[in-house]
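First the structure, in the form of C-alpha cells, and then the observations on it.
Chain A is the first sequence line, chain B the second, and so forth, proteins listed ahead of strands; every chain is numbered from 1. Note: hydrogens, waters and symmetry copies are ignored here, and every other heavy atom, side chains too, is used. Keep in mind that what you see is a predicted model, and the values were worked out from it rather than measured.
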Amino acid sequence: MKNKELAAVLDSFADVLEIKGESPFRVNAYRRAARTIDDLAADIERIAEEDGLQKIQGVGKGLASSIEEFLATGTIRGYEDEKKTIPRKLLELLSVPGLGPKTIGLLWKELDVRSLSSLKRALRGKKVLDLPGIGPKKVENIQSGIRAYESRSGRLTLGAVLPIAESLLERMAGVEGVGRVDVAGSLRRSRETIGDIDILVTSRKAKAAIDAFTSAPGVNEVLAAGRTKASVRIEDAVQVDLRVVPEASYGAALLYFTGSKDHNVRMRGIAQSRGMKLNEYGLFKNDRRLAGKTEEAIFKRLGMAYIPPELREDRGEVEAALDGELPELVELGDIRGDLHCHSDYSDGVSTIEEMAQAAKASGYSYISMNDHSRSLGIAHGLTVERLERQMGEIDEVNARLRGVTVLKGTEVDILSDGSLDYPDDLLERLDIVVASVHSGFQQSRDKITGRILSAIRNPHVDIIGHPTGRLLGSRSAYDVDLDAVMEAAAETGTALELNAHYERLDLNDQNCRRAAELGVMIAISTDSHAEDQLWTMGLGVKTARRGWLGPENVLNTLSKSKLLRYLSNKPS
DNA sequence: GCCGTTTTCGGCCCGACTGTTTTCAGTCG
C-alpha cells in the first residue's frame, strides 16, 4: 500500500510550490489531495488499476496522471524538477512555528537562508532587519519558534494529552464569569494523536478567562493573548489554544473548532447550497442568525442528523447525515466486559481478584485474564503448570465474588513458524484465547500474514490481539496483509482486537470500519496490566466510533451467556 | 490544480492576532 508515501510526496510538492510563491489555490489542491489519500482506507494502487483515481475527491486529470506516474516510477517528475530549484533543507523551515512560506522565500532570496543553521545565523545579523515587514519582534518570534521546533516531539498520544486537557478544563470551569467549557479540535474527535489542545469557553468576563488561562500552572510561554483568544505552550510539549465565545454562537464555534477542516468545508458547502452561510458565529440567512447556540440546532436547521464528533472527518458522514443513514454508534455503556487483561501471574502488577474488583467497579459483568504464554520469557510467560494453577485460582475467585465473572484466558504467542505457544488441548479448556505476534516483526509480508492466518484457522483462537503491532510514535506496524486477515477472520468467526491502549489503538479507526464492513467482530480490549488501567476502554470505544462501529459489531457488548455461546460456535 | 443546482471560467473560508505598518501582510487554525 503506497497511500502514505504518495500523500507525503504530494504534501512536500505543495511545500515546494508554496515557498516558490505559487498560487495558494494550486498549493491547496495538492494539500487536499494529499490529505484525502492519506485518509483512504482503500489501496491507491487498486484504485488506479480500476481507473478510479478521478473519483477521489480533489483529484482531477492532472493529479491523476501524477499519481499514476508515482505508482509506476516511485516519484513525480514535476516534483523532482521543482525541488531542484530550491535548497534541499529549506522545506524543513516550514515546521518552525511562526515562520511561513512567504518569509522563508524572502529570507532565501534576500539573505541566502538555506537551512536551519543559516537561518539562525541570519537572525543574529543586522541585515535581516532591513527586510520589509521584519522588525526586532518578528526576529525574536522566529527565534522562539526555532527553540520550540527543536524541543518538540511531534504529535502526542491521547494518553499524554488528556491529563493536561482535563486539568485545564477544570481550572477554566472555576474562573468567575465562565459558563460553558469544552474541549474541541482533534481531541474532541478522539484522533489517535493530537497536535494541540483547543479549549472553548463562554464568559461574561473574557479578560478574566484569558488571564486565568495564560497564568495556568505548567504554562512555559504565552504565544498570543488577545480579547477573544490566547495560545500558550505547556510543559514544553503541547500548544493549547483558548477561545472565549459568546453564548449565542457557542454551538457554531464548537462545531467550527472541532473540525475537521475537511468536514467544515463540507458543512459550509451544505449551508451555501441552501442559500445560507455557516461560520464560527452561527448559521445565517441574509445576516439573520438561524441557529448558533448549540450544534444540534445547526444540524437540524440544515436538515441533517446530528453528527457525533468522532465521525467528523469527511469520510461520508455528511452524506449519511443528510440521508438519515448515520450508524448507531457503540457507547462506553454498551461494554459488558474486558477480554484482554493481565495479572501478576505474568507481567501485570495486580492480582486476579484486584482486576475482578476493578471490572465490577466499572460495571462489567466479566473480565478475562490473558497472561502471556511460556515463550515470552521477558514478560514471565506462564508454563502449562502455572496456567493450570491460575485457572484454579480463577475458580476460587469466582466462587467468592458476586456480580462479575473472571474468564479463563491466555494471550498466546503466535510463534515465528506460525504455530501457537500452547497445545490445542490446553487452549480448548480456556474461555478466551487471544493470539498475538510478539516476535519476528521484521519478517516478510507473506510470512507474517501466514502466521496470523494459521492462528485464525485454529479453532480455539477467539481473538487476534493488536493485529498490526504498531506502537504510536515508536514502532510502525509489521508488514501484514490486513485484507487477507480480515477475510479469514470473517470466514472463521474470529474476532480482531481493537487494543485500547493509547500507544496502540490497534486496529485503528479506518481498519475497524473496513473489518466491520466485511462482517468481522471487533473486541475492544484494554490489555490492562494493572487495576487502574481499565479506563482506557473509553479510548478504545471512541476509536471504534471513529470506525463507524455499532454495538452489533463489538464482541464485548454481548452478555456473558451470549458471549460464551458465540465463542463456542467457532467451526473447527 | 480542482470544480460545477453560480457548470468550462472564475472562484477557491475567513477571522483573530501580531508586528510592522499608517492601512496592511503574514501566519495560524
Side-chain angles (χ1 to χ4, degrees), chain A residues 10 13-14 16-19 21-36 53-67 76 78-79 82 93-107 128-142 144-145 148 184-187 194-200 206 210 214 222-233 239-245 249 252-253 255-282 284:
Chain A
L10 293 177
F13 202 166
V16 174
L17 296 172
E18 199 168 24
I19 286 179
E22 265 284 346
S23 148
F25 303 113
R26 184 171 175 225
V27 171
N28 196 38
Y30 280 94
R31 285 221 197 284
R32 257 176 64 95
R35 221 168 29 233
T36 309
L53 287 177
Q54 290 195 50
K55 288 190 197 112
I56 299 171
Q57 193 62 232
V59 175
K61 226 174 175 178
L63 271 167
S65 85
S66 291
I67 293 169
I76 299 168
Y79 166 63
E82 290 284 1
L93 302 186
L94 281 170
S95 307
V96 175
L99 195 55
K102 288 287 193 301
T103 313
I104 294 172
L106 182 72
L107 290 166
V128 69
L129 293 170
D130 295 336
L131 297 177
I134 295 187
K137 283 273 190 150
K138 188 101 194 175
V139 169
E140 210 175 286
N141 264 352
I142 299 172
S144 134
S186 54
L187 186 52
I194 303 298
D196 57 23
I197 302 173
D198 297 289
I199 293 175
L200 229 57
I210 299 275
T214 55
V222 178
L223 303 166
R227 283 182 304 123
T228 63
K229 62 180 271 194
S231 293
V232 300
R233 193 169 350 260
Q239 181 177 329
V240 190
D241 298 337
L242 174 79
R243 294 172 201 264
V244 186
V245 173
S249 55
L255 189 66
Y256 182 86
F257 291 111
T258 297
S260 65
K261 206 171 181 158
D262 293 335
H263 173 85
N264 287 351
V265 169
R266 297 299 315 282
M267 291 292 288
R268 281 194 295 269
I270 301 295
Q272 249 171 37
S273 72
R274 287 162 169 50
M276 307 175 193
K277 187 179 142 190
L278 178 64
N279 60 25
E280 64 256 55
Y281 298 104
F284 298 90

Legend entry - Nearest-angstrom distance from the residue atom CZ of A/Arg227 to C1' of B/dC17: 11 Å

Inset, instruction - Show the numbers, then the answer: is there a side-chain contact (heavy atoms from CB on, under 4.5 Å) between A/Met276 and A/Phe284? - result: CA-CA 6 Å; A/Met276 307 175 193; A/Phe284 298 90; over 6 Å; no

Legend entry - Summary of salt bridge (charged side-chain N to carboxylate O under 4.0 Å, His left out) pairs that have at least one residue in residues 256-274 of chain A, sequence neighbours excluded: A/Arg35-A/Asp262, A/Arg266-A/Asp314, A/Arg266-A/Glu319

Legend entry - N or O in side chain of A/Ser23 less than 4.0 angstrom from B/dG1 OP1/OP2: no

Inset, instruction - Nearest whole angstrom, please: distance from the C1' of B/dC3 to the CZ of A/Arg26. - result: 17 Å

Legend entry - Polar side-chain atom of A/Ser23 near backbone of A/Arg26 as donor-acceptor pair, under 3.5 Å: yes

Inset, instruction - Spell out, as yes or no, whether a donor-acceptor pair under 3.5 Å connects the side chain of A/Asn264 to the backbone of A/Tyr256. - result: yes

Legend entry - Criterion side-chain contact (heavy atoms from CB on, under 4.5 Å) on A/Thr228 and A/Val245, from CA distance to verdict: CA-CA 7 Å; A/Thr228 63; A/Val245 173; over 6 Å; no

Legend entry - B/dT20 to B/dG26 separation - C1' atoms, rounded to the nearest Å: 11 Å

Polar atom pairs between nucleotides 26-29 of chain B and protein, under 3.5 Å, N or O only, would you list them?
from   : atom 1 : to       : atom 2 : distance (Å)
B/dG26 : O3'    : A/Thr103 : OG1    : 3.1
B/dT27 : OP1    : A/Gly100 : N      : 2.7
B/dT27 : OP1    : A/Gly100 : O      : 3.0
B/dT27 : OP1    : A/Thr103 : N      : 3.1
B/dT27 : OP1    : A/Thr103 : OG1    : 2.5
B/dT27 : OP2    : A/Lys102 : N      : 3.2
B/dC28 : OP1    : A/Gly98  : N      : 2.6

Inset, instruction - May I ask you to decide if A/Arg32's main-chain N or O and A/Thr36's side chain share a donor-acceptor pair within less than 3.5 Å? - result: yes

Inset, instruction - Taking atom P in both B/dC17 and B/dT8, compute the distance separating them and give it to the nearest angstrom. - result: 40 Å

Distances under 3.5 Å between protein N/O atoms and the N/O atoms of nucleotides 21-25 of chain B, please, pair by pair.
none

Inset, instruction - For A/Asn141, report the nucleic acid contact type (base, sugar-phosphate, nothing); a contact means any heavy atom under 4.0 Å. - result: sugar-phosphate

Inset, instruction - Determine which nucleotide pairs with B/dT8, using a 3.5 Å limit on both distances of a Watson-Crick or G-U wobble pair. - result: none

Legend entry - d(CG, A/Asn264; P, B/dC12) in whole Å: 17 Å

Legend entry - Partner set under salt bridge (charged side-chain N to carboxylate O under 4.0 Å, His left out) for A/Glu280, not counting sequence neighbours: none

Inset, instruction - Please answer whether the main-chain N or O of A/Leu255 pairs with a side-chain N or O of A/Thr258 as donor and acceptor at a distance below 3.5 Å. - result: no

Inset, instruction - State whether A/Tyr281 places a side-chain N or O below 4.0 Å from either non-bridging phosphate oxygen (OP1 or OP2) of B/dA16. - result: yes

Inset, instruction - Using the C1' atom as the reference point in each nucleotide, state the distance between B/dC13 and B/dG29 in Å, no decimals. - result: 11 Å

Inset, instruction - Enter the distance from A/Gln272:CD to A/Lys277:NZ here, rounded to the nearest 0.5 Å. - result: 10.0 Å

Inset, instruction - With C1' as the reference atom in both, quote the distance from B/dT23 to B/dG10 in angstrom, rounded to an integer. - result: 28 Å

Legend entry - Nucleotide B/dC13, atom P - distance to CG of A/Leu278 in whole Å: 13 Å

Inset, instruction - Nearest whole angstrom, please: distance from the P of B/dC12 to the CZ of A/Phe25. - result: 7 Å

Legend entry - Distance, rounded to the nearest Å, where A/Gln54 contributes CD and B/dG4 contributes P: 12 Å

Legend entry - A/Tyr30 OH - B/dC12 C1' separation (whole Å): 16 Å

Legend entry - All side-chain contact (heavy atoms from CB on, under 4.5 Å) counterparts of A/Ser66, not counting sequence neighbours: A/Ile76

Inset, instruction - Starting from the 5' end of DNA chain B, give me the residue, A/Gln57 or A/Val265, whose nearest nucleotide shows up first. - result: A/Gln57

Please output the side-chain donor-acceptor pairs of residues 133-142 of chain A that fall under 3.5 Å, not counting sequence neighbours, one pair per line with the distance.
none

Inset, instruction - Could you tell me whether A/Ala33 contacts a base, only the sugar-phosphate backbone, or nothing, with contacts defined as non-hydrogen atoms closer than 4.0 Å? - result: nothing

Legend entry - B/dA16 and B/dT21, which share atom name P, separated by this distance in whole Å: 24 Å

Inset, instruction - Using a 4.0 Å heavy-atom cut-off across all strands, classify A/Pro136 as base, sugar-phosphate, or nothing. - result: sugar-phosphate

Inset, instruction - Send over the distance from A/Leu242 CG to B/dA16 C1', rounded to a whole Å. - result: 13 Å

Legend entry - Closest-nucleotide 5' rank along DNA chain B - winner of A/Gln272 and A/Gly135: A/Gln272

